[in-house]
> 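What follows is a single structure, and I will ask about it in a moment.
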Amino acid sequence: MASFTRIEESENASITINPSHKIAKVDDNIYGGFTEHMGRCIYGGIYEPGNSLSDENGFRKDVIEAFKDLNVPVVRYPGGNFVATYHWLDGVGPRDQRPSRPELAWIGTESNEFGTDEFMKWCEVVGTEPYLCLNFGTGTLDEALGWLEYCNSDRDTYYANLRRKNGREKPYNVKYWALGNECWGPWQVAQMTKEDYAKQAYQWAKALKLLDPSIVLILCGETGYSSWDYYVLNQCVTWNVHGLGGDRTKSLIDMHSIHIYTADNEHLPNATAPRAAERAIQMTSALIDLARIENKVPETVPRPTICFDEWNVWDPVRAPGEQGAEEKYTLSDALAVTVFLNGFIRQAKDMGMANIAQSVNVISPLMTTKDGLIKQTIWWPLWLFSKYMRGHTVALNVRAPEYLGRTNPNWVRGTIETPFLDCSATIGEDGYVNLAVANVSEEKDFEVDLTGVKADKVEVFTVGGDSVDVVNTAGEQKVGIKESTWDGKGRFTFGKHSFTLLRWKSV
Ligand code: AHR
């Protein structure tokens, strides 16, 4: 949570931080990832048998190390749009008997060489939790129940035994399950109306929870500010479901998913575009309250959180999905990613999970080549946030000038502020205060009074570059992290077009 006071360019900017004013716990799952059968994400990304950088499972070891380094707590799979024609049974069992299928989301061919057991194994090696998305396109409820049984059951039943036959005795205990992906989208195989989706999601949710009441179910929302979001939440938030073992203390769905990609060719509309994501979180939060009020859900029933399971900078015209969506990220995009992440921290109260889309090669911070990895510009703010911006979000007031030009989407202007200094702060379990500041101005360094910094040694991490257009390539890493210290005295200067993370031990 942060408040903003707009000042004139001629006035002194200031940031006031109250580390003892904890607002909400930051859920570690906001640093989640996403791997879809799309472009070079799975094949050639996390899985590349035959490459000398891969292990005996065909998993790229350098990618595994990067995921560990990023400390990714949860990874969504197998789509995305891909999932709308995915039959999980095609991807289990002996590899030479798995069928190849036409793939309709990205117009390719799916070999099914990599499937459920490979993904589960990969998650175990990485040390991350799987999050599976169900096929609401061509899939059936029987298939979905079979997949849940295959993954989670320890009973002597058909699909649990099929898992054992395929070499895995213990259940995988997959906790997170999504009720479809972007079912509202015209690009979707078997696109649905909100009425049809809500009916199906409700019935599937009930059956899935009867089979395994321990799972966390994620409803398919849209942007968080649409009539789809309102309607499906209203129909599915109900807690009073006959058959759930008479347990009236639980709700049917546990999270509501939203997706937003932003992009603009001009720097300031690009860097401030993720303010739309923060406004979307606020609106989704209100819709969750509204659905609970209208359904008379008792306050003792846990309130669904928001699962922002696709977010990033992406222009699908610049980097088309059918061509693998290999976006090249600039410093401007790194600042946009910082603004997204700041928003997740500020809105921590509502955020149950977020998954950058995607984690390897496809609109990703991490790119593989045959002989190594490229860390794109956006990797660095993501890495710093994941390493330090955990714990509790704390109260913050920012006095700074505001960017008042064109925004993308245009409704950002008038619904949420777009300060030149976009900030969030946390206090970690280790007692360190972490202050994240994106200076999105292309021209101006800001000398800022930092009230609340009570330390004579402040660690400083800066992500910047010569211009907002610089990119990282295999040959040259123009954007990375510079480390320094500050004695906590006087004003601190946040350089133009940079992201700075300040860290000090709270006294
Ligand atoms: O992440 C790329 C695609 O964007 C996903 O498959 C889809 O869900 C979204 O439209």
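Along the sequence shown, residues carry numbers from 1. Below, all heavy atoms of this structure are taken into account, side chains as well, without hydrogens, waters or symmetry copies. Numbering of ligands and ligand atoms starts at 1, following listing order.
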> Between H37 and Y77, how do the two ring planes meet: parallel, tilted or perpendicular, split at 30° and 60°?
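H37 and Y77: tilted rings.
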
> State the atoms of ligand 1, each with its element, that fall below the 4.0 Å cut-off from a heavy-atom position in Q358.
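It comes down to these atoms of ligand 1: 1 (O), 2 (C).
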
> If the threshold is 4.0 Å, N to carboxylate O, is there a salt bridge linking R98 and D90?
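Salt bridge flag = no for D90 with R98.
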
> Pull out every atom of ligand 1 sitting under 4.0 Å from any heavy atom of E182, numbered as shown with elements.
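Checking each atom against E182, I get 7 (C), 8 (O), 9 (C), 10 (O).
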
> Going by heavy atoms, is F82 under 4.0 Å from ligand 1?
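It does not; every heavy atom stays at 4.0 Å or beyond.
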
> Does E222 come within less than 4.0 Å of K194, counting only side-chain N to carboxylate O?
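Between K194 and E222 there is no salt bridge, as every charged N stays at least 4.0 Å from the carboxylate O atoms.
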
> Between D254 and R303, is there a salt bridge with N-O shorter than 4.0 Å?
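Salt bridge between R303 and D254, a charged N being under 4.0 Å from a carboxylate O: no.
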
> Could you tell me whether R60 and E48 make a salt bridge, using a distance below 4.0 angstrom between a side-chain N and a carboxylate O?
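Counted as a salt bridge, because a side-chain N and a carboxylate O are separated by less than 4.0 Å.
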
> Check this for me, if you would: do E118 and K121 make a salt bridge, where the nitrogen-to-carboxylate-oxygen distance has to be below 4.0 angstrom?
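No, this pair does not count.
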
> Could you tell me whether the side chain of F34 reaches within less than 4.5 Å of the side chain of I356, counting heavy atoms only?
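Side chain of I356 against side chain of F34, heavy atoms only: no contact under 4.5 Å found.
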
> Are any of the N or O atoms of H259 closer than 3.5 Å to those of ligand 1?
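No, since none of the N or O atoms of H259 sits under 3.5 Å from an N or O of ligand 1.
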
> Name the closest protein heavy atom to atom 6 (O) of ligand 1, giving the residue it belongs to and the distance to 0.1 Å.
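Nearest neighbour among protein heavy atoms for atom 6 (O) of ligand 1, to 0.1 Å: E36 OE1, 2.6 Å.
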
> For ligand 1, find out whether one of its N or O atoms is nearer than 3.5 Å to an N or O atom of N181.
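So ligand 1 has an N or O lying under 3.5 Å from an N or O of N181.
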
> Measuring from non-hydrogen atoms of W311 to any atom of ligand 1, is the shortest distance under 4.0 Å?
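No, W311 has no heavy atoms under 4.0 Å from ligand 1.
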
> Is the shortest distance from a heavy atom of I363 to ligand 1 less than 4.0 Å?
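So I363 counts as touching ligand 1.
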
> Using a 4.0 Å cut-off to any heavy atom of F34, which atoms of ligand 1 qualify?
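Near F34, the atoms of ligand 1 are 1 (O).
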
> In the protein, which heavy atom is nearest to atom 8 (O) of ligand 1, and how far is it?
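Going atom by atom, the protein heavy atom closest to atom 8 (O) of ligand 1 ends up being E310 OE2, 2.6 Å.
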
> Cationic tip of R95 within the cone over F114's six-membered ring, i.e. under 6.0 Å and within 45° of the normal?
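No.
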
> Among protein heavy atoms, which lies nearest atom 1 (O) of ligand 1, and at what distance?
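Looking at atom 1 (O) of ligand 1, the protein heavy atom closest to it is Y261 OH, 2.7 Å.
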
